[in-house]
Amino acid sequence: MNRRTRITALTAALLITAGAAGSAAASGGDPGSARPGGREAAALTGTAKLYRPAGDDITFSFDAHLAAKDNMDPQAATGTFRFSHYKDGEGGYAVAKVDCLTTGGKVAVVTGVVTETDVDGFRNKRVGISVHDDGKRDRLGYSWITEEVYEELPPCMSAAPFEKVQAGTGDFRVLPWHMDYPAE
């Protein structure tokens, strides 16, 4: 399998794992309920497959949270996300530990360092993913759009959500971040 196919396969695999984690979190109740007297600062949960007419199985799953106490520090976010990409029995996956989460309205950007993978190009690298939670028409983007996994991707960075989610698979849930600015 060439490098491009393997990286694409890994992306899909990571997506599948992240989706499973996100689905579990989403089914556990309102992510906002974690904040004492209210809600957590931000969250991204859910799973979806990307639309691919050629039959590729590309899945993303998220379980990312920013606690209320860390409202002004998106790099204190916790959780994991997973993605995978398989076609004709070949491909790969990756799991990343969240190191930053920002949300605004129905859009989220999450980054993390890959802690588990079967694709060498992703091992111990930071990757970024963006999600647009638009009900049945969710979208997703990722930092390796050019198929390069960058040595030093900054936290909280990704490409715009350019990919379409396969109909009937998107259940992303973005909890908007409400920053508490200090009074002047």
Side-chain angles (χ1 to χ4, degrees), residues 11-35 38-51 58-85 93-116 122 125-145 153-166 168-180:
T11 301
L14 290 177
L15 291 176
I16 290 173
T17 303
S23 294
S27 65
D30 178 11
S33 64
R35 187 175 194 173
R39 65 181 196 102
E40 63 189 340
L44 169 59
T45 58
T47 300
K49 290 186 175 195
L50 295 187
Y51 172 72
I58 304 172
T59 305
F60 285 82
S61 298
F62 303 93
D63 185 15
H65 304 271
L66 181 62
K69 68 180 181 61
D70 297 319
N71 189 52
M72 297 303 287
D73 184 9
Q75 288 184 281
T78 61
T80 59
F81 58 91
R82 179 179 180 99
F83 55 97
S84 63
H85 186 167
Y93 79 97
V95 178
K97 180 180 177 194
V98 171
D99 66 5
C100 189
L101 172 66
T102 59
T103 64
K106 294 182 177 204
V107 176
V109 174
V110 63
T111 56
V113 175
V114 174
T115 58
E116 180 184 330
F122 279 101
K125 302 289 174 128
R126 178 179 290 117
V127 294
I129 302 174
S130 63
V131 168
H132 181 208
D133 173 14
D134 192 20
K136 300 279 187 215
R137 296 178 305 267
D138 292 346
R139 296 183 73 85
L140 187 138
Y142 39 88
S143 59
W144 58 96
I145 176 74
L153 179 73
C156 306
M157 301 297 288
S158 187
F162 57 90
E163 291 268 16
K164 292 179 183 177
V165 168
Q166 183 175 316
T169 71
D171 70 351
F172 295 139
R173 182 159 183 217
V174 174
L175 180 65
W177 186 24
H178 296 286
M179 293 183 62
D180 297 325

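Reckoned from all heavy atoms, side chains included, excluding hydrogens, waters and symmetry mates.
Residues Gly128 and Thr111 share a closest heavy-atom pair of CA-CG2, 3.7 Å. Across all non-hydrogen atoms, the minimal contact from Ala77 to Leu66 is N-CD1, 3.7 Å. When every heavy atom of Gly170 is checked against every heavy atom of Asp138, the shortest pair comes out as C-OD2, 3.6 Å. The nearest pair of heavy atoms linking Ala41 to Ala67 is CB-O, 3.6 Å. Closest of all the heavy-atom pairs between Arg139 and Phe162 is NH2-O, 2.9 Å. Considering all non-hydrogen atoms of both residues, Ser130 and Ala159 come closest at OG-O, 2.6 Å.
Between Trp144 and Val127 the shortest side-chain heavy-atom distance falls below 4.5 Å. Counting heavy atoms from C-beta outward, Tyr93 and Glu116 have side chains that approach closer than 4.5 Å. Put simply, the side chain of Val107 reaches to within 4.5 Å of the side chain of His132, judged on heavy atoms. At a threshold of 4.5 Å between non-hydrogen side-chain atoms, the residues Leu140 and Phe62 count as touching.
Between Thr169 atom OG1 and Ile58 atom CD1 the span is 11.5 Å, to the nearest 0.5 Å. Distance check, rounded to the nearest 0.5 Å: CG of Leu50 to NZ of Lys164 gives 12.0 Å. The structure places CG of Leu153 at 6.5 Å from CZ of Arg126, a figure rounded to the nearest 0.5 Å.
Applying the side-chain contact (heavy atoms from CB on, under 4.5 Å) test between Leu44 and each of Val109, Thr102, Val110 identifies Val110 as the sole match.
For the side-chain contact (heavy atoms from CB on, under 4.5 Å) test, residues two or more places apart in sequence or in another chain that qualify with Thr103 are Ala42, Leu101, Ala108, Val174, Trp177.
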Derivation of the side chain to side chain contact (heavy atoms under 4.5 Å, CB included) call for His65 and Thr45: CA-CA 8 Å; His65 304 271; Thr45 58; 3.8 Å; yes
Evaluation steps, side chain to side chain contact (heavy atoms under 4.5 Å, CB included), between Phe81 and Val131: CA-CA 12 Å; Phe81 58 91; Val131 168; over 6 Å; no
